[in-house]
Amino acid sequence: MAWRNHSIITEFILTGLSNDPHIQALLFVLFLGIYLLTMMGNLMLLLVIRTDSRLHTPMYFFLSNLSFLDLCFSSVTVPKLLKDLLSEKKTISVEGCLTQVFFVFITAGTEAFLLSVMAYDRYAAICHPLLYGQVMSSQLCVRLVLASWGLASLNSVIIVLLAINLDFCEAQTIHHYTCELPSLFPLSCSDISINIDILICSTLLHGLGTFLPIFFSYTRIVSTILSISSTSGRSKAFSTCSSHLIAVILFFGSGLIRYLMPTSGSSLDLLSSLQYSAVTPLLNPLIYSLKNVEVKAAVRRTVEKYLHYFR
């Protein structure tokens with residue numbers, strides 16, 4: 001691999017979340033519970049959307065893809081975190097570290113694009129309900145999801161190429177629980193000024209490119225909702241997009257804090273990373289299940305169906 005010619009060290013040491021064995025044991029139980037609930041919640045949502053024909057609509061097609069992404073995103077970082085919480089020496093190879101960086105970017109990047117696509121879907125449903133079926137055709141939905149994966153993959157390749165050419169000479173301690181570029185850059189003995197500029201530009205372009213469509217979509221959505229005369233009509237229209245809006249705030253808020261603020265190794269760095277890589281994938285299925293009447297009804301029908309099957 002290209003980085004073997006540059007790096008003197010072969011592995012990094014992660015400081016993790018704590019050095020106290022008792023706290024590590026408690027954190028292991030906590031994050032094991034979070035990971036298992038994340039798997040169960042997202043798999044349940046995928047199963048319900050798959051088996052209930054009433055949910056075979058563009059909105060739930062995108063939601064099923066979001067659940068799949070949350071499964072992948074959580075699995076990129078949490079299993080390694082769980083392993084390190086049980087280990088005295090928390091190490092990761094240079095190759096493994098850069099691989100983790102790549103998959104963090106591709107899953108997080110795809111989720112950002114998908115949340116933007118879901119905002120457009122809600123805009124079409126609320127602002128142009130009579131044309132919704134024509135605008136959000138099944139072919140367009142598939143293309144939008146594929147484009148989300150494609151653009152995120154391209155961005156991930158560019159980002160990882162920045163890291164491959166870095167020299168890592170002596171410093172090998174990452175003050176974090178996972179490999180992320182903001183934590184890797186301070187360890188490099190290369191000139192990283194250009195790399196940091198490219199990372200910031202990439203984050204801004206990616207963030208603004210996905211957030212601005214969300215902003216303009218919700219500007220039109222709010223305007224349309226306020227023009228509805230009946231209170232029940234406004235409440236129903238708002239309920240169709242409130243879950244998505246909460247998911248957007250949770251994901252973009254913590255992600256932009258992590259990649260636009262200077263890395264300090266502080267608790268804020270750890271909390272922002274934990275928020276979007278561990279907590280948000282857990283909360284998304286809960287948000288969409290608890291705040292969506294159709295999903296709750298579909299969950300009940302699915303549970304009753306399988307209970308009847310096993311009787």
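What you see is a predicted model; the values in this text were computed from it and never measured.
- Ser153 places a side-chain N or O within 3.5 Å of a backbone atom of Trp149 that can act as its donor or acceptor partner.
- Ion pairing of Glu11 with Lys89 is present here, as a side-chain N (NZ or NE/NH1/NH2) and a carboxylate O approach within less than 4.0 Å.
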Worksheet item: Would Ser217 and Arg122 count as a side-chain contact (heavy atoms from CB on, under 4.5 Å) if you check the C-alpha gap in whole Å, the side-chain angles of each, and the deciding distance to 0.1 Å?
Response: CA-CA 8 Å; Ser217 294; Arg122 292 299 82 208; over 6 Å; no

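- One distance of note links CD1 of Ile246 with OG1 of Thr280; it measures 12.0 Å at 0.5 Å rounding.
- When each of Tyr218, Phe252, Phe251 is checked for a ring-ring contact (aromatic ring centres under 6.0 Å, His included) with His244, only Tyr218 meets the rule.
- Ile49 and Ser64 get closest at one heavy-atom pair: CD1-N, 3.8 Å.
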Fill in: side-chain contact (heavy atoms from CB on, under 4.5 Å) between Phe28 and Leu82, intermediate numbers included
CA-CA 6 Å; Phe28 175 82; Leu82 292 173; 3.9 Å; yes

Fill in: Verdict with reasoning, Thr210 to His206, per side-chain contact (heavy atoms from CB on, under 4.5 Å)
CA-CA 6 Å; Thr210 52; His206 198 142; 3.9 Å; yes

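- Rounding to the nearest 0.5 Å places OG1 of Thr15 at 6.5 Å from NE2 of His175.
- Across Leu208 and Pro213, no two heavy atoms sit closer than the pair O-CD, 3.9 Å.
- Using a 4.5 Å heavy-atom cutoff, the side chains of Ser67 and Asn284 are not in contact.
- In this structure, Phe103 places its CZ atom where only 12 or fewer heavy-atom neighbours from other residues, nucleotides or ligands lie under 6.0 Å away.
- Classification of the Tyr123-His128 ring pair by plane angle, with boundaries at 30° and 60°, yields perpendicular.
- Separation of atoms OG1 (Thr173) and CZ (Phe12) is listed at 10.0 Å; rounding is to 0.5 Å.
- When every heavy atom of Ser156 is checked against every heavy atom of Phe105, the shortest pair comes out as OG-C, 3.3 Å.
- Linking ILVMFWY side-chain heavy atoms closer than 4.5 Å, directly or via other members, places Leu205 and Phe216 in two distinct hydrophobic clusters.
- In the hydrophobic clustering of ILVMFWY residues, with side-chain heavy atoms under 4.5 Å counting as a link, Met59 and Met118 come out together.
- Side-chain contact between Ser277 and Val104 is absent, with no heavy atoms from C-beta onward closer than 4.5 Å.
- The closest side-chain heavy-atom distance from Ile92 to Cys179 is below 4.5 Å.
- Across every non-hydrogen atom of Gln24 and Asn19, the tightest pair is NE2-CA, 3.8 Å.
- Smallest separation of non-hydrogen atoms from Cys241 and Ile221: SG-CG2, 4.1 Å.
- In the hydrophobic clustering of ILVMFWY residues, with side-chain heavy atoms under 4.5 Å counting as a link, Leu114 and Val135 come out together.
- Here the straight-line distance linking atom CG of Leu17 with atom CG of Leu274 works out to 5.5 Å at 0.5 Å rounding.
- The SG atom of Cys201 sits 12.0 Å away from atom CD1 of Ile158, with the distance rounded to the nearest 0.5 Å.
- Counting heavy atoms from C-beta on, the side chains of Leu81 and Asp84 never come closer than 4.5 Å.
- Judged by distance alone, the side chain of Ser87 and the main-chain N or O of Lys90 form no donor-acceptor pair under 3.5 Å.
- With hydrophobic clusters built from ILVMFWY side chains whose heavy atoms lie under 4.5 angstrom apart, Leu204 shares a cluster with Phe211.
- Residues Leu184 and Val101 meet the side-chain proximity criterion, which asks for heavy atoms closer than 4.5 Å.
- The distance from the OG atom of Ser116 to the CD1 atom of Ile214 is 5.0 Å, given to the nearest 0.5 Å.
- At least one donor-acceptor pair closer than 3.5 Å links the side chain of Thr224 to the backbone N or O of Arg220.
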Acceptor/donor pairs from residues 34-45 side chains to any protein atom, 3.5 angstrom cut, sequence neighbours excluded:
| from | atom 1 | to | atom 2 | distance (Å) |
| --- | --- | --- | --- | --- |
| Tyr35 | OH | Ser75 | OG | 2.9 |
| Thr38 | OG1 | Ile34 | O | 2.7 |
| Asn42 | ND2 | Thr38 | O | 2.9 |
| Asn42 | ND2 | Pro281 | O | 3.0 |

Item to complete: Begin with the C-alpha distance, continue with both residues' side-chain angles, and end with the deciding distance and a verdict on side-chain contact (heavy atoms from CB on, under 4.5 Å) for Ile13 and Ile174.
Response: CA-CA 6 Å; Ile13 299 171; Ile174 299 176; over 6 Å; no

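- Counting only heavy atoms from C-beta outward, the side chains of Tyr120 and Val117 never approach each other to under 4.5 Å.
- Other residues, nucleotides and ligands contribute only 12 or fewer heavy atoms inside 6.0 Å of the CD1 atom of Ile194.
- Residues Lys80 and Thr178 form no side-chain contact, since every pair of their non-hydrogen atoms from C-beta on lies 4.5 Å or further apart.
- Looking only at side-chain heavy atoms (C-beta outward), Ile164 and Leu98 come within less than 4.5 Å of each other.
- Side chain of Gln100 to main chain of Thr77: no donor-acceptor pair is present (N/O by atom type, distance under 3.5 Å, no hydrogens or angles).
- Residue pairs meeting the ring pair (Phe, Tyr, Trp, His ring centres under 6.0 Å) criterion with at least one member in residues 45-83, sequence neighbours excluded, are Phe73-Tyr276.
- The heavy-atom pair separating Gly109 from Ala152 by the smallest distance is C-CB, 3.6 Å.
- Residues Leu26 and Leu30 fall into different hydrophobic clusters, defined by Ile, Leu, Val, Met, Phe, Trp and Tyr side chains chained together at heavy-atom separations under 4.5 Å.
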